[in-house]
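All values derive from a computational prediction rather than experimental measurement.
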Amino acid sequence: MLALGGSAARSATSLQNQIASARTAAGDLRAQIESESRRIEDTAGGLAAARRRLDSIQTDLDARVAALRRTQGALLTSRNRLIALENRLHVATGALAANLRASYEGASPDLMTVILNAHGFGSLLEQVGFMARVAHQDATIVGLTRAARSAVRLEADRLGALEARDRVQATAVLRRRNEVAGLQAALLRVQSRQLAARAQTTVRYHAVNGRLGVLQRRAAAAAAAAARAAARAAAAVPSGNAGVAGISINTGGMVQPPPGAPPAVARVIAAANAIATLPYVWGGGHGSFQANGYDCSGSISYALAAGGLLSSPLVSGAFESWGAPGPGRWITVYANAGHAWMEVAGWRFDTVALATGGTRWSQGGGEFSGFVVRHPPGL
């Protein structure tokens, strides 16, 4: 019977260790997913800020494009004006050349010749006026030619400046557009990598959770089998080994569940039997359910976890808020910041008893003053 109980306890301990390991892995993966989600949120915030910056850049681009179009319009107007001025210069130059040729070929008369050849005073005035108009026209044509040449030169300089400005603005627009495209591509690549990493972590998390569910079902089945075996063993114990209040204890000093005890209580007793004589080790049973020794709260955590009443080890002070307040029908836990012990089906399970009797099981003698009393709901 002891061998059967020890084997079941070792099997339950192994399953509990695997469950604890799977829960730790699931917790780590869940924390990793949360961390990756925060990084994705940070990236999303960066994307939002980048989009606002892109909107500002786009507004600037629109303004630059509008300025570029205005420059190009002014450039076309300047070119058309330059063409008109060059045509005007060409006409003025042609008229001046024609006058010079006519003056050279026609041997224009001087003032004395006009006076001698005049037929009366009226004819003289007419000839003198004609000569004055010809001289004025020549002077006007020369002035227009000079003005046209100066205007062509100024317009050519202005056209060159507009063309240079056009090149600068076009280069600025292209550079800004390239910056926008590069920023968008970089942010999208970062977001894509982060989403892919979180998806992979999520897949691993679901796989670990699935394995955890399998282990928990195996542990429940093993605990139920252990409870049935313990009940059968209790029924087979001779009456001479009967303990107080109908509780049986075998010759090895291990407590047996009384008839009618719930399966969870039987599993708690079987687990407590497995570690009842192991030494006291401060902190034992907290880093892992499987240990060479257990402290007070580690011992209680081990037994309660085997009964499916606890998912992870608790320190003494944490038992003050565990379960439901008050004593239970089958299991009662007494806890404060410095110590914890429990009663199971009328038996005291306490590391203080270990120091005097060599086993954590004893009858009576537990401390009650200064302890918070709790019990698992329903038990």
Side-chain angles (χ1 to χ4, degrees), residues 5 8-24 26-27 212-213 215-231 234 247 254-258 260-276 278 284-291 294-336 339-351 360-361 366 371-379:
R10 286 192 297 273
S11 177
T13 301
S14 176
L15 280 174
Q16 290 298 330
N17 288 338
Q18 294 180 54
I19 290 172
S21 177
R23 282 175 176 160
T24 300
L212 179 60
L215 291 172
Q216 287 173 331
R217 289 191 291 273
R218 286 175 56 193
R228 289 192 296 270
I247 298 176
M254 296 298 177
V255 171
Q256 301 300 322
V265 174
R267 292 194 296 269
V268 169
I269 291 175
N273 285 340
I275 64 170
L278 291 182
H286 291 281
S288 170
F289 278 121
Q290 186 174 7
Y294 297 82
D295 63 10
C296 57
S297 56
S299 302
I300 297 174
S301 296
Y302 181 92
L304 293 176
L309 305 177
L310 194 66
S311 60
S312 60
L314 297 179
V315 297
S316 299
F319 276 110
E320 294 183 78
S321 58
W322 170 83
R329 179 185 176 190
W330 294 97
I331 299 174
T332 302
V333 173
Y334 299 85
N336 59 28
H339 185 55
W341 61 281
M342 69 177 176
E343 286 183 349
V344 184
W347 283 91
R348 169 188 169 198
F349 186 72
D350 189 354
T351 52
R360 288 170 172 80
W361 289 117
F371 285 83
V372 176
V373 182
R374 311 289 291 186
H375 72 278
L379 298 175

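In this structure, the side chains of I331 and L309 come closer than 4.5 Å at one or more pairs of heavy atoms. Between Y334 and V373 there is a side-chain heavy-atom pair separated by less than 4.5 Å.
Heavy-atom minimum distance, I300 versus M342: CG2-SD, 3.9 Å. Closest of all the heavy-atom pairs between P262 and L379 is CG-CD2, 3.9 Å. Smallest separation of non-hydrogen atoms from Y302 and A274: OH-CB, 4.5 Å. Across A264 and G307, no two heavy atoms sit closer than the pair CB-O, 3.8 Å. Between R360 and I275, the shortest heavy-atom contact is NH1-O, 2.8 Å.
Donor-acceptor pairing under 3.5 Å is recorded for the side chains of S297 and H286.
Rounding to the nearest 0.5 Å places OG1 of T332 at 7.5 Å from NE2 of H375.
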Review item, side-chain donor-acceptor pairs of residues 315-324, under 3.5 Å, at least two apart:
unit_1: S321; atom_1: OG; unit_2: A318; atom_2: O; d: 3.3

Audit row: D295, T351, side-chain contact (heavy atoms from CB on, under 4.5 Å) steps and yes/no | CA-CA 7 Å; D295 63 10; T351 52; 5.9 Å; no
side-chain contact (heavy atoms from CB on, under 4.5 Å) between V372 and N336, intermediate numbers included | CA-CA 6 Å; V372 176; N336 59 28; 5.9 Å; no
Would you sort out whether L314 and L304 count as a side-chain contact (heavy atoms from CB on, under 4.5 Å), showing the intermediate values?
-> CA-CA 10 Å; L314 297 179; L304 293 176; over 6 Å; no
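In summary, the aromatic rings of W361 and F349 are positioned with their centroids under 6.0 Å apart.
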